[in-house]
Amino acid sequence: MEKQPRLLSSQLLLKSRVFEVTLNRSLLTWKEIQTKKKRVSGGAHNTFKVGSYCVPVSEIVAVRETEVDSRTKDEGRWQKMSQRSTEGYPYAFTVSYVERARQHRWRCSDVTFHCSDGSLCLQWIQTIREQLALLTSRPKHLLVYINPYGGKQQGKRIYEEKVAPLFSRASISTDVIVTEYANHARDHLLKGADLRKYDGVVCVGGDGMFSEIIHGLISRTQRDAGVDQNRPEQKLVSCGLRIGIIPAGSTDCICYATVGINDPVTSALHIIVGDSQPLDVCSVHHNNTFLRYSVSLLGYGFYGDVLTDSERKRWMGPARYDFSGFKTFLTHHYYEGTISFLPATNILGTPRDKTRCRAGCYICQHNGQLLSEDGQAYKTDEDTFHSEYGSDWRVIRGRFLAINAASMSCACPRSPKGLSPSAHLADGTTDLILVRKCSRINFLRHLLRHTNKGDQFDLSFVEVHRVRRFRFVPKYCEGDLELDLREGGRGLFGHICRDHPACGCAPVNSSWNCDGEILPHATIEVGVHCQLIRLFARGIEEQPMFDDPCVPSVI
Ligand SMILES: Nc1ncnc2c1ncn2[C@@H]1O[C@H](COP(=O)(O)OP(=O)(O)OP(=O)(O)O)[C@@H](O)[C@H]1O
Ligand SMILES: CCCCCCCCCCCCC/C=C/[C@@H](O)[C@H](CO)NC(=O)CCCCC
Ligand SMILES: [Ca+2]
């Protein structure tokens with residue numbers, strides 16, 4: 001590695017011990033200089049360097065001047081000790097920086113260096129601030145939306161107690177909007193907000209709140225660019241503003257799968273250091289009409305039914321998913337239909353390989369570049385999109401307990417490796433998982449493998465395909481019968497069977513769970529838009545963190 005020129009180097013005091021503190025363009029390091037009496041004649045002193053610590057400049061949150069306790073002049077015992085320990089070093093500055101803890105958790109730690117003279121202290125503060133000012137990817141002004149009713153209804157408290165103090169320490173200014181109704185944030189982004197003022201948008205809430213934010217931002221971007229969202233094959237314009245997620249919801253899947261943990265402080269620090277993680281977005285259409293965007297799970301059958309049931313039990317909080325999950329598992333409904341899909345070819349990675357999407361993912365970079373350089377990839381998809389029976393499309397007709405499209409792993413605290421553990425955040429594909437009708441015990445085996453180390457795809461009734469586009473038509477909508485039971489015939493067949501599970505006939509319709517929202521149609525067409533949005537995140541960092549030379553620890 002090329003050696004960086006030193007900007008500053010001084011002997012400073014830290015916790016009563018002398019350190020050689022050095023700043024270059026990329027690192028702040030401090031090495032202890034220990035003076036020990038040597039047991040040789042003459043009693044000469046020998047200098048040893050012991051602990052050595054470093055922090056990347058990119059992970060420094062802030063630096064500030066620190067008052068050296070003036071009360072040390074008092075007579076109290078503690079103050080006297082304090083005075084003695086910093087004697088000759090009456091000035092101090094404190095550096096706040098990112099420290100890695102267990103399981104992808106980040107913490108903001110402080111280290112205070114004491115200086116012998118005031119001008120040296122100010123020089124250190126000024127030089128560190130100059131280096132931080134060069135980090136242009138850091139946000140300065142953010143628009144924050146808080147859902148006070150998400151998850152355990154702690155969003156406001158989490159923001160005020162854990163996040164706002166960190167933003168203010170990092171000199172980030174904010175405009176905060178506490179939402180007053182569902183879709184408040186979406187509509188404000190779409191119609192009201194002056195987005196030129198901001199470097200990013202922060203969402204305090206769960207996946208549903210995040211969904212509101214991306215709908216506002218993506219739709220606003222398309223509208224400003226004159227792009228029609230209703231055309232399924234339309235190439236969309238990517239959003240300029242990054243989005244930060246402060247997790248305060250029930251599942252927090254998008255935060256967990258992009259950071260590795262759902263922890264508000266960790267997420268706030270990823271925003272402060274200006275991380276950037278591109279994310280694929282699926283557009284969902286019905287009959288050439290735009291329905292919704294999805295970044296995590298599009299699930300028909302099991303996950304659609306869990307969501308439908310759980311929406312009636314919002315009062316239960318996050319536990320509603322466990323209750324409805326168990327209930328839906330017992331009902332064991334299957335659904336008939338036709339799924340057609342365009343497999344993602346000529347790319348790196350498969351849904352059953354052992355690679356995992358991690359920070360700086362090579363597969364995402366490679367596949368993303370292929371798509372952006374070679375506009376052909378999109379053209380080819382468009383050409384084949386309308387020829388349903390074109391050679392590239394595959395068509396599968398069957399009875400399914402679940403049809404899941406995972407555009408990312410969908411890892412969350414309930415399922416730490418996710419619905420599709422090898423899915424990628426930004427590779428331009430989604431993993432289409434088809435779970436065919438099988439016995440309850442077999443379905444349970446599949447579900448339980450979402451929560452343990454087992455391979456959920458290594459079962460005869462499960463198949464998985466990495467795709468760019470797909471379509472689903474339930475059996476009751478096939479042929480000329482374009483009747484959508486949600487609108488027209490719901491009360492006829494579907495309703496009877498739902499209310500009479502003992503009658504033995506399967507209900508014909510389920511609903512799509514689109515990132516935790518119920519879609520109003522079962523017949524849908526879906527296309528993946530590679531890296532359409534960016535988050536203040538960097539992907540999940542490889543473990544173990546503790547061997548990283550830039551973690552402040554003894555080198
Ligand atoms: N002020 C509000 N009053 C009522 N609903 C709101 C308000 N603000 C946002 N919402 C809606 O609340 C829904 C749920 O919010 P959120 O995603 O934050 O929590 P959650 O559902 O508990 O978590 P998850 O989506 O992770 O399961 C969202 O769909 C959002 O549109
Ligand atoms: C016998 C029961 C076995 C249960 C097996 C547990 C398997 C857990 C897998 C969890 C996968 C979550 C995928 C994420 C989906 C989110 O976009 C969405 C919005 O937050 N959450 C749900 O729909 C909430 C979905 C919650 C499902 C339980
Ligand atoms: Ca993807």
Side-chain angles (χ1 to χ4, degrees), residues 145-155 177-186 203-213 215 245-257 262 278-282 294-299 302-308 310-311 314 317-318 320-330 344 349 351 357 361 363-364 367-368 404-420 422-431 440 443-444 446-451 456 466-468 513-518 528-531:
Y145 294 100
I146 303 176
N147 175 4
Y149 302 116
K152 294 180 184 152
Q153 314 199 341
Q154 297 294 306
I177 296 176
V178 179
T179 60
E180 288 163 16
Y181 47 89
N183 291 324
H184 183 173
R186 184 198 65 184
C203 156
V204 185
D207 295 329
M209 189 61 187
F210 177 79
S211 181
E212 269 200 37
I213 303 287
H215 280 83
I245 308 174
I246 302 296
S250 303
T251 313
D252 297 325
C253 157
I254 296 138
C255 178
Y256 195 96
N262 53 336
L279 208 59
D280 294 337
V281 177
C282 287
S294 161
V295 293
S296 56
L297 168 70
L298 264 164
F302 181 74
Y303 285 107
D305 297 348
V306 171
L307 187 66
T308 304
S310 69
E311 280 300 292
R314 276 212 156 259
R320 69 190 183 277
Y321 290 132
D322 301 315
F323 181 88
S324 299
F326 187 61
K327 187 175 156 191
T328 307
F329 167 73
L330 289 180
C357 188
C361 177
I363 289 180
C364 289
N367 295 349
N404 299 323
S407 298
M408 57 169 68
S409 69
C410 295
C412 59
R414 273 190 184 76
S415 172
K417 65 186 166 69
L419 293 189
S420 190
S422 301
H424 287 270
L425 295 170
D427 67 339
T429 73
T430 187
D431 287 351
R440 264 197 192 83
F443 190 46
L444 184 63
H446 169 68
L447 285 179
L448 289 179
R449 288 184 192 186
H450 289 130
T451 62
Q456 57 259 53
R466 190 154 282 179
V467 310
R468 291 203 189 286
N513 171 343
C514 176
D515 289 1
E517 290 288 320
I518 305 279
V528 188
H529 297 266
C530 187
Q531 307 188 1

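Remember, it's 1-based here, ligands and their atoms both numbered in the order they're listed. All values derive from a computational prediction rather than experimental measurement.
Heavy-atom contacts of Glu212 reach the following atoms of ligand 1: 9 (C), 10 (N), 11 (C), 30 (C), 31 (O) (cutoff under 4.0 Å). Less than 4.0 angstrom separates some heavy atom of Glu517 from each of these atoms of ligand 1: 29 (O). Interface of Tyr321 with ligand 1, defined as ligand atoms under 4.0 Å from a residue heavy atom, comprises 27 (O). For ligand 1, the atoms sitting less than 4.0 Å from at least one non-hydrogen atom of Asp252 are 26 (O), numbered in the order shown with element in parentheses. Atoms of ligand 1 lying under 4.0 Å from at least one heavy atom of Thr179, given by number and element, are 1 (N), 2 (C), 7 (C), 8 (N), 9 (C).
A perpendicular orientation is assigned to the rings of Phe302 and Phe443, their planes being inclined by more than 60° (bins at 30° and 60°). The aromatic rings of His446 and His450 sit perpendicular, their planes meeting at an angle over 60°, well past the 30° parallel limit.
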Please give the N or O to N or O pairs under 3.5 Å between ligand 2 and the protein, distances rounded to 0.1 Å.
unit_1   : atom_1 : unit_2 : atom_2 : d
ligand 2 : 17 (O) : Ser296 : OG     : 2.9
ligand 2 : 20 (O) : Asp207 : OD2    : 2.7
ligand 2 : 20 (O) : Thr251 : OG1    : 3.3
ligand 2 : 23 (O) : Asn513 : ND2    : 2.8

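Taking distance alone, with nitrogen or oxygen atoms compared against 3.5 Å, Ala248 stays at or beyond that limit from ligand 1. Note: an N/O pair closer than 3.5 Å links Met209 and ligand 1 by distance alone. Residue contacts with ligand 1: Tyr149 is placed with no nitrogen or oxygen under 3.5 Å of a nitrogen or oxygen of the ligand (distance criterion only).
Asp280 places no side-chain N or O within donor-acceptor distance of the main-chain N or O of Met408, the cut-off being under 3.5 Å.
At a heavy-atom distance under 4.0 Å, no atom of His184 approaches ligand 1. Contacts with ligand 1 closer than 4.0 Å are made by no heavy atom of Phe210, backbone or side chain. The residue Lys152 has no part lying near ligand 1, judged by heavy-atom distances below 4.0 Å. By the criterion of a heavy-atom distance under 4.0 Å, neither the backbone nor the side chain of Glu311 is placed next to ligand 1.
Taking the side chain as every heavy atom from C-beta outward, Asn183 and Glu212 approach each other to under 4.5 Å. Counting heavy atoms from C-beta outward, Asp252 and Pro413 have side chains that stay 4.5 Å or more apart. Counting heavy atoms from C-beta on, the side chains of Cys364 and Cys357 come closer than 4.5 Å. Side-chain contact check for Ser296 versus Asp515: some heavy-atom pair is nearer than 4.5 Å.
Applying the side-chain contact (heavy atoms from CB on, under 4.5 Å) rule to Asn147 yields the partners Tyr149, Thr179, Met209; only residues at least two apart in sequence or on another chain are considered. Under the side-chain hydrogen bond (donor to acceptor under 3.5 Å, both in side chains) criterion, Gln456 pairs with Lys417, not counting sequence neighbours.
Within the set Gly205, Ala182, Ala185, the minimum heavy-atom distance to atom 6 (C) of ligand 1 is found for Ala182. With Cys203, Gly249, Gly208 as candidates, the residue nearest to atom 28 (C) of ligand 1 on a non-hydrogen basis is Gly208.
Considering only non-hydrogen protein atoms, atom 18 (O) of ligand 1 sits nearest to Gly206 N, 2.7 Å. In this structure, the protein non-hydrogen atom closest to atom 19 (O) of ligand 1 is Gly150 CA, 3.3 Å.
Protein N/O/S atoms closer than 3.0 Å to the Ca ion (ligand 3): Asp280 OD2, Ser407 O, His424 O, Asp427 OD1, Thr429 O.
The shortest separation from a heavy atom of Gln153 to ligand 1 is not under 4.0 Å, leaving the residue out of contact.
Taken to the nearest 0.5 Å, the SG atom of Cys530 stands 7.5 Å off from the CG atom of Asn367. Note that OH of Tyr321 and OG1 of Thr251 are 4.5 Å apart. Values are rounded to the nearest 0.5 Å.
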